[in-house]
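From a predicted model like this one, the values you see are computed outputs, not experimental measurements. In what follows, every heavy atom counts, from backbone to side chain, and hydrogens, waters and symmetry copies are set aside. Per chain, numbering begins at 1; letters A, B, ... match sequence-line order.
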Amino acid sequence: ETGVTQSPTHLIKTRGQQVTLRCSSQSGHNTVSWYQQALGQGPQFIFQYYREEENGRGNFPPRFSGLQFPNYSSELNVNALELDDSALYLCASSFRGPTNYGYTFGSGTRLTVV
Amino acid sequence: AQSVTQLGSHVSVSEGALVLLRCNYSSSVPPYLFWYVQYPNQGLQLLLKYTTGATLVKGINGFEAEFKKSETSFHLTKPSAHMSDAAEYFCAVSMIKAAGNKLTFGGGTRVLVKP
């Protein structure tokens, strides 16, 4: 059973650029959630994807967008990067079903915006 | 709406001493509750979770937590701290059957273990 894999592990971008982060979900999981963790804070929910559609969104602007693919992997895209977007981005996969309830987190992508 | 408050952003304990991390939550519906641990430069690892049933939940690495509905609390304990317990700990809540079932995290408590 493979876990959640995120790429890249580290990334440096310039303010105003665009970035794409990738996540491969754990085998058997059909739902992917993305979280932003700023330095010294708890993770904040960005959005979740289920059946290739956005299914729940936190308090993040539209320049944060995502995709889920038929194999349940996912991308997080951020346009017009701002300095405050510097954070650890965590992907979590889970299985949406009647009894199983648990998230598996990846190790994250550390994004630095300069 | 749901929220989580972790009392104490930093906790220092001696090796072998009791570890107690406090978590209070608010939720408009019965919650699912979680504790996660995060080691430096790593993602989140699940320690334990409460969904339904027994209110005392045992997790990995000797940790346990008790759900107290009347106190809206889910405090994490470990009888004897080990050096490897030095990490940051996050309490999280999720609403049952909520769209997206998002996790709402507390601000975290960093644990320092002194030899």
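Listed by sequence position, the residues of residues 15-24 of chain B in contact with chain A number zero, using a 4.5 angstrom heavy-atom cutoff.
Counting heavy atoms of neighbouring residues, nucleotides and ligands inside a 6.0 Å radius, atom OH of B:Tyr25 exceeds 12 of them. Heavy atoms of other residues, nucleotides or ligands lying less than 6.0 angstrom from CZ of A:Arg63 number more than 12. For A:Leu39, the CG atom sits in a loose shell: 12 or fewer heavy atoms of surrounding residues, nucleotides or ligands are nearer than 6.0 Å. The number of heavy atoms from other shown groups lying within 6.0 Å of CD1 (A:Ile12) does not exceed 12.
Heavy atoms of A:Gln44 lying under 4.5 Å from chain B are absent altogether. Using a 4.5 Å cut-off between heavy atoms, B:Gln38 contacts chain A through its side chain alone, with no backbone atom that close. For chain B, the nearby part of A:Tyr35 is the side chain; its heavy atoms alone come within less than 4.5 Å.
Proximity of the aromatic rings of A:Tyr103 and B:Tyr36 is defined here by a centroid distance below 6.0 angstrom, and this criterion is not met.
Listed by first then second residue, pairs satisfying salt bridge (charged side-chain N to carboxylate O under 4.0 Å, His left out) with a partner in residues 41-60 of chain A read A:Glu54-A:Arg57, not counting sequence neighbours.
For the pair A:Gln41 and B:Phe90, the minimum side-chain heavy-atom distance is 4.5 Å or more. Contact annotation: the side chain of B:Leu44 approaches that of A:Pro43 to within less than 4.5 Å [non-hydrogen atoms, C-beta and beyond].
The OG atom of A:Ser107 sits 10.0 Å away from atom CG of B:Asn41, with the distance rounded to the nearest 0.5 Å.
Scanning all heavy atoms of the two residues, the minimum distance from A:Phe45 to B:Leu103 falls at CB-O, 4.2 Å.
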